[in-house]
S.K.: 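Structure provided below as structure tokens; questions to follow.
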Amino acid sequence: MAFLLTLGAVFAVICLLFIIRLYIVVTTGSNYQPGTKGPVAVLVVAGSGGHTTEILRLMECLSPAYTPRHYVIADTDRMSEEKICAFEASKGHSDSESEFTICRIPRSREVRQSWSSSVISTLNALRYSLPLAFRLRPDMVLCNGPGTCVPLCVAGLLLGILGMKKVLIVYVESICRVQTLSLTGKILYPISDYFFVQWSSLRDKYPKAIFFGRIV
């Protein structure tokens, strides 16, 4: 009985320390400025269809300082890789400035997939996201709504919690979301460092949100 009480106390302390560390990592993000001493390694989460189109429009606004660029797509996505390669080829930068990679992970949730089974698929995606994030160690995760970005943002957050590297999580809500956030947005709103919305009605409902009008 004493052993179980001790084990429970240790577990409670670990959970408390984890929560404190999580709070510190999340609340200090706005004071962190990656790239002040060199290039910014960015992990770009591309969904499929409209998500990929929107994220590439965002990438057009980034300077060549954002390099290397690591694009992550779902393993069932057959079109995004071609769009990404065409986009990078159109940038016309020198080889040193246009360094990019394309990585694949399992999709967190397929269209019309049940919510119960999506929990399992998301955990499976997290299993691939953790070693990928730990290997790439990006300065920033840029995403705009696909479910695939959730495990990648969690992996980036874990890098900060473990004290390995602070990773900025930048989320841009889709232009289609006018009154309410998407499910992905609701999940990432508490942990994102910068959370952009494209309608003032969302800014009014979510104080943390940043509104600049239409972005993409």
S.K.: Hey, are Y71 and E81 close enough side-chain-wise for a donor-acceptor pair under 3.5 Å?
M.R.: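 Result is no, nothing qualifies.
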S.K.: Quick check for you: to the nearest 0.5 Å, what is the distance between I187 atom CD1 and S192 atom OG?
M.R.: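 I187 CD1 to S192 OG: 12.0 Å, rounded to 0.5 Å.
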S.K.: What heavy-atom pair brings G156 and A133 nearest, and what distance separates the two atoms?
M.R.: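 Taking G156 first and A133 second, the nearest heavy atoms are N-CB, 4.5 Å.
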S.K.: Distance from T148 atom OG1 to L152 atom CG, nearest 0.5 Å?
M.R.: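 It is 7.5 Å, given to the nearest 0.5 Å.
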S.K.: So, the side chain of S63 versus the backbone of A65: is there a donor-acceptor pair under 3.5 Å, distance only?
M.R.: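 Present.
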S.K.: Aromatic contact between Y206 and F195, with the criterion being ring centroids under 6.0 Å apart: yes or no?
M.R.: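 That pair fails the under 6.0 Å test.
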S.K.: For a 4.5 angstrom cut-off between non-hydrogen side-chain atoms, does V72 reach V44?
M.R.: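 A side-chain contact under 4.5 Å is absent here.
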S.K.: How close do L188 and C143 get, counting heavy atoms only, and between which atoms?
M.R.: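 Looking at all heavy atoms of both residues, the closest pair is CD1-SG, 4.1 Å.
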S.K.: Considering all heavy atoms of both residues, which atom of I55 and which atom of N144 are nearest to each other, and what is their separation?
M.R.: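 Here I55 and N144 meet closest at N-ND2, 3.6 Å.
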S.K.: Would you find a donor on one side and an acceptor on the other, under 3.5 Å apart, between the side chain of S182 and the backbone of G185?
M.R.: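 Flag set: sc S182 to bb G185 pair under 3.5 Å.
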S.K.: Taking atom CD1 of I169 and atom CG of L157, what is their separation to the nearest 0.5 Å?
M.R.: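 If we round to the nearest 0.5 Å, I169:CD1 and L157:CG are 5.0 Å apart.
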S.K.: Has the side chain of S201 got a donor or acceptor atom that lies under 3.5 Å from a matching backbone atom of V178?
M.R.: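 Side chain of S201 to backbone of V178: a pair is present.
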S.K.: Rounded to the nearest 0.5 Å, how far does SG of C85 lie from NZ of K83?
M.R.: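 K83 NZ to C85 SG: 13.0 Å, rounded to 0.5 Å.
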S.K.: Side-chain heavy atoms nearer than 4.5 Å, only ILVMFWY residues, links allowed to pass through others: does that put V154 and L162 together?
M.R.: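 The answer is yes; both residues are in one hydrophobic cluster.
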S.K.: Looking at E173 and Y171, what are the two nearest heavy atoms and their distance?
M.R.: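 Closest pair (atom of E173, atom of Y171, distance): OE1-OH, 3.1 Å.
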S.K.: Does R104 use its side chain to pair, donor to acceptor, with the backbone of A74 at less than 3.5 Å?
M.R.: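 A pair under 3.5 Å: yes.
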S.K.: Test your reading of the model: is there a side-chain donor-acceptor pair from Y189 to the backbone of K208, 3.5 Å cut-off?
M.R.: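 Confirmed, Y189 side chain pairs with K208 backbone.
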S.K.: For residues M79 and F87: do they belong to one hydrophobic cluster (side chain heavy atoms under 4.5 Å, members Ile, Leu, Val, Met, Phe, Trp, Tyr)?
M.R.: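 Unlinked, M79 and F87 end up in two clusters.
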S.K.: Less than 4.5 Å apart, any side-chain heavy atom of E99 and any of R69?
M.R.: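 Not touching, per the 4.5 Å side-chain cut-off.
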S.K.: Tell me whether K165 is salt-bridged to D139, with the criterion being a basic N under 4.0 Å from an acidic carboxylate O.
M.R.: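 Between D139 and K165 there is a salt bridge, with a charged N closer than 4.0 Å to a carboxylate O.
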S.K.: Are L43 and L142 close enough that some pair of their side-chain heavy atoms sits under 4.5 Å apart?
M.R.: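 Counting from C-beta outward, L43 and L142 never come under 4.5 Å.
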S.K.: About how many Å separate NE2 of H70 and SG of C103, when rounded to the nearest 0.5 Å?
M.R.: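 The SG atom of C103 sits 7.5 Å away from the NE2 atom of H70.
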S.K.: Between W199 and Q179, is there a donor-acceptor pair closer than 3.5 Å when you use the side chain of the first and the backbone of the second?
M.R.: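 Side chain of W199 to backbone of Q179: no pair is present.
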S.K.: Between P68 and F100, is there a side-chain heavy-atom distance shorter than 4.5 Å?
M.R.: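 No, their side chains stay 4.5 Å or more apart.
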S.K.: So which atom in T52 and which in S80 form the shortest heavy-atom distance, rounded to 0.1 Å?
M.R.: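 Nearest heavy atoms, T52 then S80: OG1-OG, 2.7 Å.
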S.K.: Within the 4.5 Å heavy-atom criterion, are I210 and V197 side-chain neighbours or not?
M.R.: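 No. Closest side-chain heavy atoms not under 4.5 Å.
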S.K.: Please report the interatomic distance CD1(I73) to CD1(I105), rounded to the nearest 0.5 Å.
M.R.: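 Answer for the CD1-CD1 pair, I73 versus I105, is 10.0 Å.
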S.K.: Quick check: closest heavy atoms across R177 and L202, and the distance to 0.1 Å?
M.R.: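 Of all heavy-atom pairs spanning R177 and L202, the closest is O-CD1, 3.1 Å.
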S.K.: Does any non-hydrogen side-chain atom of V167 lie less than 4.5 Å from one of R137?
M.R.: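 No, every pair of side-chain atoms sits at 4.5 Å or beyond.
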S.K.: Is the shortest side-chain heavy-atom distance between T53 and R57 below 4.5 Å?
M.R.: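 Yes - at least one pair of side-chain heavy atoms lies under 4.5 Å apart.
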S.K.: Taking NZ, NE, NH1 and NH2 as the nitrogens, is one of them in K166 or D193 under 4.0 Å from a carboxylate oxygen of the other?
M.R.: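 Between D193 and K166 there is a salt bridge, with a charged N closer than 4.0 Å to a carboxylate O.
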S.K.: Is there side-chain contact between S121 and R107, with heavy atoms separated by less than 4.5 Å?
M.R.: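 Answer no - side chains too far apart.
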